[in-house]
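None of the values given here were measured: they were computed from a predicted structure. So you know, we letter chains A, B, ... as the sequences are listed, proteins then strands, and number each from 1.
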There are 10 protein chains.
Amino acid sequence: MIDADLLEFFPNPAPDQPYLIEHVHEEFTSVCPKTGHPDFGEVVIRYRPGEACVELKSLKIYFQGFRDAGIFYEAVTNRVADDLHEAMKPRTLEVETRWRGRGGIRSVITATRGEAG
Amino acid sequence: MIDADLLEFFPNPAPDQPYLIEHVHEEFTSVCPKTGHPDFGEVVIRYRPGEACVELKSLKIYFQGFRDAGIFYEAVTNRVADDLHEAMKPRTLEVETRWRGRGGIRSVITATRGEAG
Amino acid sequence: MIDADLLEFFPNPAPDQPYLIEHVHEEFTSVCPKTGHPDFGEVVIRYRPGEACVELKSLKIYFQGFRDAGIFYEAVTNRVADDLHEAMKPRTLEVETRWRGRGGIRSVITATRGEAG
Amino acid sequence: MIDADLLEFFPNPAPDQPYLIEHVHEEFTSVCPKTGHPDFGEVVIRYRPGEACVELKSLKIYFQGFRDAGIFYEAVTNRVADDLHEAMKPRTLEVETRWRGRGGIRSVITATRGEAG
Amino acid sequence: MIDADLLEFFPNPAPDQPYLIEHVHEEFTSVCPKTGHPDFGEVVIRYRPGEACVELKSLKIYFQGFRDAGIFYEAVTNRVADDLHEAMKPRTLEVETRWRGRGGIRSVITATRGEAG
Amino acid sequence: MIDADLLEFFPNPAPDQPYLIEHVHEEFTSVCPKTGHPDFGEVVIRYRPGEACVELKSLKIYFQGFRDAGIFYEAVTNRVADDLHEAMKPRTLEVETRWRGRGGIRSVITATRGEAG
Amino acid sequence: MIDADLLEFFPNPAPDQPYLIEHVHEEFTSVCPKTGHPDFGEVVIRYRPGEACVELKSLKIYFQGFRDAGIFYEAVTNRVADDLHEAMKPRTLEVETRWRGRGGIRSVITATRGEAG
Amino acid sequence: MIDADLLEFFPNPAPDQPYLIEHVHEEFTSVCPKTGHPDFGEVVIRYRPGEACVELKSLKIYFQGFRDAGIFYEAVTNRVADDLHEAMKPRTLEVETRWRGRGGIRSVITATRGEAG
Amino acid sequence: MIDADLLEFFPNPAPDQPYLIEHVHEEFTSVCPKTGHPDFGEVVIRYRPGEACVELKSLKIYFQGFRDAGIFYEAVTNRVADDLHEAMKPRTLEVETRWRGRGGIRSVITATRGEAG
Amino acid sequence: MIDADLLEFFPNPAPDQPYLIEHVHEEFTSVCPKTGHPDFGEVVIRYRPGEACVELKSLKIYFQGFRDAGIFYEAVTNRVADDLHEAMKPRTLEVETRWRGRGGIRSVITATRGEAG
């Protein structure tokens with residue numbers, strides 16, 4: 001079950017510095033709501049932290065919550081962006097999902113919250 | 001037969017967000033109107049959705065409509081751009097076609113509608 | 001239409017030498033007889049010529065004959081092997097077909113006639 | 001649920017030829033029975049068919065049956081080999097599983113039934 | 001013999017659209033005027049068409065005209081740029097030549113006519 | 001033990017030129033303060049020197065001081081940036097750390113001091 | 001501290017099958033006994049199990065025991081081979097260590113116990 | 001003009017050792033006798049020398065002699081093999097030609113004289 | 001011996017065009033003044049010519065003059081930039097040196113004279 | 001100066017095991033005796049040790065002795081093989097030299113002493 005409460009955070013160790021954090025999760029899977037077949041892809045998160053940084057193990061557990069969810073590519077991307085933006089209040093946030101091919105078409109969806117970069 | 005009516009759409013799940021969608025179709029083929037030999041290539045679509053997103057299976061079927069069409073590289077590129085722009089009214093749209101070599105020359109054609117990026 | 005009569009041959013310029021010829025055709029397409037969707041792949045031919053060598057342009061035209069044929073991977077591979085073996089009488093022959101992914105599965109089929117190597 | 005009865009077969013179109021078939025399934029996932037975390041990998045099947053060939057869509061559905069199974073790498077590999085060998089009676093069979101890294105270690109397991117090659 | 005009259009053109013099918021065309025010719029050869037040895041390289045043409053697009057087969061024949069010409073890298077690049085710019089009147093034009101190594105040094109020359117990009 | 005006093009410097013040989021120096025250290029290891037397991041990664045330093053340049057062997061010894069330190073990715077990145085910025089007073093400084101995957105997630109952290117580029 | 005007692009094993013799930021297991025540990029580090037500087041590399045284990053298979057997490061902990069050991073490449077390779085061979089009694093065993101470059105020289109050491117392959 | 005007399009040789013400095021020499025010529029061009037268009041490819045020579053080794057600059061000049069020759073792939077390969085075998089009397093000789101694609105088909109031809117390997 | 005007088009020039013064949021020339025010298029070696037061991041790397045020159053272009057063979061001979069020089073990375077980069085800038089008076093000039101690893105650290109130094117691009 | 005006395009050895013830590021050692025030296029340079037220009041390449045040593053193993057730093061110093069030597073590719077390869085074979089008495093030895101291109105031709109020379117593999 002997709003549950004933003006699974007995310008945990010720790011205080012930004014350099015809150016005065018505008019640095020950039022990128023996490024690449026290479027083992028994402030959800031279910032296509034139209035065909036019922038599993039989708040596979042990567043989720044990339046890039047953000048400039050505000051007060052808080054997301055803890056990696058909790059991020060992994062949060063992503064595992066999509067394993068049985070029937071949800072489109074575009075909705076996954078915006079859901080992750082919304083959950084992280086609301087909980088973490090980053091200076092900037094970009095979420096990119098890269099999906100393996102289906103029927104000879106592979107897709108990349110990129111959403112931003114705040115101003116990305 | 002090339003037929004824009006084959007394209008189907010679904011409502012943009014995040015209409016207030018300026019996010020970017022990229023679909024890479026790796027199995028495109030049409031026919032060279034000059035030699036009658038088949039051409040092979042990839043078609044990439046990048047757009048920021050307005051009200052609607054293109055449904056992937058219908059996009060694949062639409063591309064299959066070029067299989068027997070005798071049409072130049074430049075015309076394929078602009079035809080796909082026109083069909084998608086008219087039907088989907090995206091905020092921005094870029095169509096890139098990448099063609100396998102012919103006589104030692106390989107080609108890439110890139111068209112935009114609205115402002116790309 | 002698949003037609004072995006399209007194949008043309010020229011005399012082996014070194015009939016006393018056991019040399020090896022490999023042709024890689026990177027633009028093969030046929031139709032899945034089950035779904036009606038096009039399949040895309042590569043066909044590789046490796047042979048040690050006997051009296052005759054296959055002419056490249058005729059080989060390309062022969063492959064184009066599969067464009068509208070509904071035929072399984074395994075049958076394509078064995079059909080090409082049979083047609084070439086019968087017409088060319090090579091010392092050895094290997095036909096390898098490499099198919100792009102379908103539903104997350106990509107395939108390679110390899111058939112030999114005579115003794116390969 | 002892992003279920004060998006999901007596998008479907010079609011008659012070998014060239015039963016007199018010792019040809020080789022390889023299917024690479026790039027989207028395999030199961031669950032680690034020790035940690036409960038998902039495992040991700042690829043499963044490769046290489047076989048020389050006897051009377052029957054495995055149908056690709058049924059193979060995909062069969063693999064999806066491992067999605068919720070708690071099972072070790074070594075057991076996945078041997079289970080797939082046993083199920084295919086029993087149902088298909090191939091001349092030779094090789095099953096290779098390639099697993100993404102865990103704790104800095106990535107693994108490849110290869111099992112054969114009959115004589116491989 | 002280098003001869004710009006070999007170039008043929010066809011009307012731009014989308015004259016109102018500022019799209020980009022790239023042709024990569026991977027089999028260029030000329031002769032070093034200093035040593036008499038052949039030079040090998042690639043020539044890339046990128047342009048936004050005005051009224052006309054260059055026809056690919058004529059472009060190939062035009063490039064073959066350099067095969068026996070003794071001419072420096074820098075002159076090849078500017079000659080191609082001048083010939084295409086004069087004949088085709090593109091909105092923008094960029095010509096890039098990439099040369100294989102000589103004496104441990106490999107070179108890339110890039111010329112623009114109009115404003116490139 | 002992490003010790004900025006291990007860093008040694010030599011006078012910038014071109015103090016009037018705004019040139020860029022990049023050092024890629026491919027063998028960085030520290031310890032995860034949460035699990036006690038070692039982390040492995042690369043540290044990249046990019047700077048435009050002021051009066052001083054960092055000496056390479058001392059930089060390597062300085063990095064070895066992290067070998068037994070329990071410290072998070074984000075803290076490593078900012079600690080290196082602070083130590084180098086304070087000791088070397090560069091015109092610009094960028095520190096990028098690239099970490100091998102943990103639990104299917106790999107990370108890149110990038111911090112700047114002064115204005116980067 | 002290098003300690004073979006850290007290794008744990010589980011019963012081979014297919015003891016009658018001569019299958020092959022490969023584990024690639026990409027994050028190995030020890031210390032050069034001559035210079036005191038750390039060495040970095042990969043350790044690959046390939047074995048055909050007898051009664052027992054090595055458990056992955058214990059293998060990782062065992063490898064971490066080399067972190068502070070001053071030991072040459074050749075000795076690491078043979079020590080790992082001896083420890084695993086004695087504890088696990090595999091049918092065959094191959095240990096390959098691949099070391100990052102030192103002074104422009106990079107090395108690969110491969111030891112076998114029993115008959116490898 | 002193809003002329004084996006352009007080849008020069010020097011005495012094998014280790015005539016008692018069965019060592020292997022490989023030269024890869026990456027800039028070969030000849031002319032297709034059917035279409036008159038230039039062909040481009042690589043020629044690889046592998047031999048175990050007898051009394052003599054081929055001198056590299058003369059080998060390059062010899063290859064340049066094919067620049068204006070109208071000759072098929074198969075004939076190039078066997079001509080080079082014959083010329084080198086006759087002049088150099090190597091213990092073993094293998095000549096491999098790799099040709100860029102024509103009409104979507106690329107080719108590799110391999111001839112041996114004596115026993116190769 | 002490093003000697004800028006070894007450089008030779010020829011008149012820019014297109015002095016009115018702001019085109020870009022890049023030469024990549026892949027076989028540069030000098031000596032570390034601290035350890036006496038040789039350093040190896042690549043030197044890349046990018047410039048927009050003014051009145052003159054550098055002749056390639058003389059550039060190679062000039063680079064060979066560094067073979068026995070004891071000189072730091074940063075000094076090599078600025079010395080090449082100064083020598084070329086003074087002799088050639090280019091519109092813009094960029095010199096990039098890429099050095100193989102030493103002690104697990106590899107470096108890239110980039111200097112500009114005039115305004116680069 | 002080429003001097004086999006620079007080589008140092010240490011006792012094989014596993015003299016009863018037929019293991020394989022490979023050292024890849026990526027920064028080899030000597031001088032072409034014909035043109036006086038430097039040659040650049042890699043030297044790979046593969047051996048199964050007898051009583052002794054070659055020490056890496058001394059191997060590097062030994063290779064540096066070729067820096068000013070005018071010597072052909074074939075002679076370098078056999079000289080290294082002879083020096084190592086005589087001093088180290090390995091069970092098997094293979095020396096492979098890989099040379100960067102000259103005039104569009106790159107070369108690989110492989111010599112063995114004892115039986116290689």
Side-chain angles (χ1 to χ4, degrees), chain G residues 2 4 24 28 30-47 66 69-86 88-90 92-117, chain J residues 6-30 38-67 80 84 88 90-98 100 116-117:
Chain G
I2 308 170
V24 182
F28 188 91
S30 54
V31 175
C32 174
K34 195 160 168 180
T35 64
H37 287 298
D39 287 321
F40 288 81
E42 293 185 353
V43 179
V44 185
I45 291 169
R46 295 183 194 91
Y47 71 103
F66 289 78
I71 180 170
F72 283 109
Y73 296 173
E74 289 83 356
V76 167
T77 314
N78 282 289
R79 174 69 193 263
V80 172
D82 285 338
D83 284 354
L84 281 168
H85 190 252
E86 184 166 334
M88 206 171 46
K89 304 279 186 267
T92 64
L93 172 66
E94 185 176 85
V95 176
E96 179 182 322
T97 59
R98 306 172 187 148
W99 302 89
R100 299 182 61 89
R102 282 286 162 270
I105 300 181
R106 55 185 171 77
S107 302
V108 181
I109 320 282
T110 311
T112 56
R113 295 295 181 273
E115 96 194 85
Chain J
L6 292 169
L7 292 165
E8 296 175 14
F9 303 90
F10 63 90
N12 178 354
D16 300 335
Q17 297 290 352
Y19 66 108
L20 182 63
I21 299 176
E22 178 183 272
H23 297 308
V24 182
H25 181 60
E26 299 173 324
E27 301 178 346
F28 187 91
T29 183
S30 53
D39 287 321
F40 288 82
E42 293 186 351
V43 180
V44 184
I45 292 169
R46 294 183 194 92
Y47 71 103
R48 296 187 183 276
E51 299 294 311
C53 297
V54 66
E55 196 273 332
L56 276 184
K57 184 151 192 188
S58 78
L59 184 63
K60 172 184 170 178
I61 301 294
Y62 166 73
F63 284 140
Q64 291 180 5
F66 289 80
R67 188 173 178 92
V80 172
L84 281 169
M88 205 169 47
R91 286 164 173 169
T92 64
L93 173 66
E94 185 176 85
V95 176
E96 178 182 323
T97 58
R98 307 170 186 149
R100 297 182 63 89

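Using a 4.5 Å heavy-atom threshold, the side chains of G/T110 and G/V95 count as separate. Counting heavy atoms from C-beta outward, G/T112 and G/T92 have side chains that stay 4.5 Å or more apart. Put simply, the side chain of J/L84 does not reach to within 4.5 Å of the side chain of J/P90, judged on heavy atoms.
Residue with the most contacts toward chain G among J/E42, J/E55, J/H25: J/H25 (heavy-atom pairs, distance under 4.5 Å). Ranked by non-hydrogen atom pairs under 4.5 Å with chain J, the options G/G104, G/A81, G/A111, G/A75 are led by G/G104.
Proximity to chain G (any heavy atom under 4.5 Å) is shown, for J/E26, by both the backbone and the side chain. Looking at J/F10, the atoms closer than 4.5 Å to chain G (heavy atoms on both sides) all sit in the side chain, from C-beta outward.
One finds the OG1 atom of G/T97 at 9.0 Å from the OH atom of G/Y73 (value rounded to the nearest 0.5 Å).
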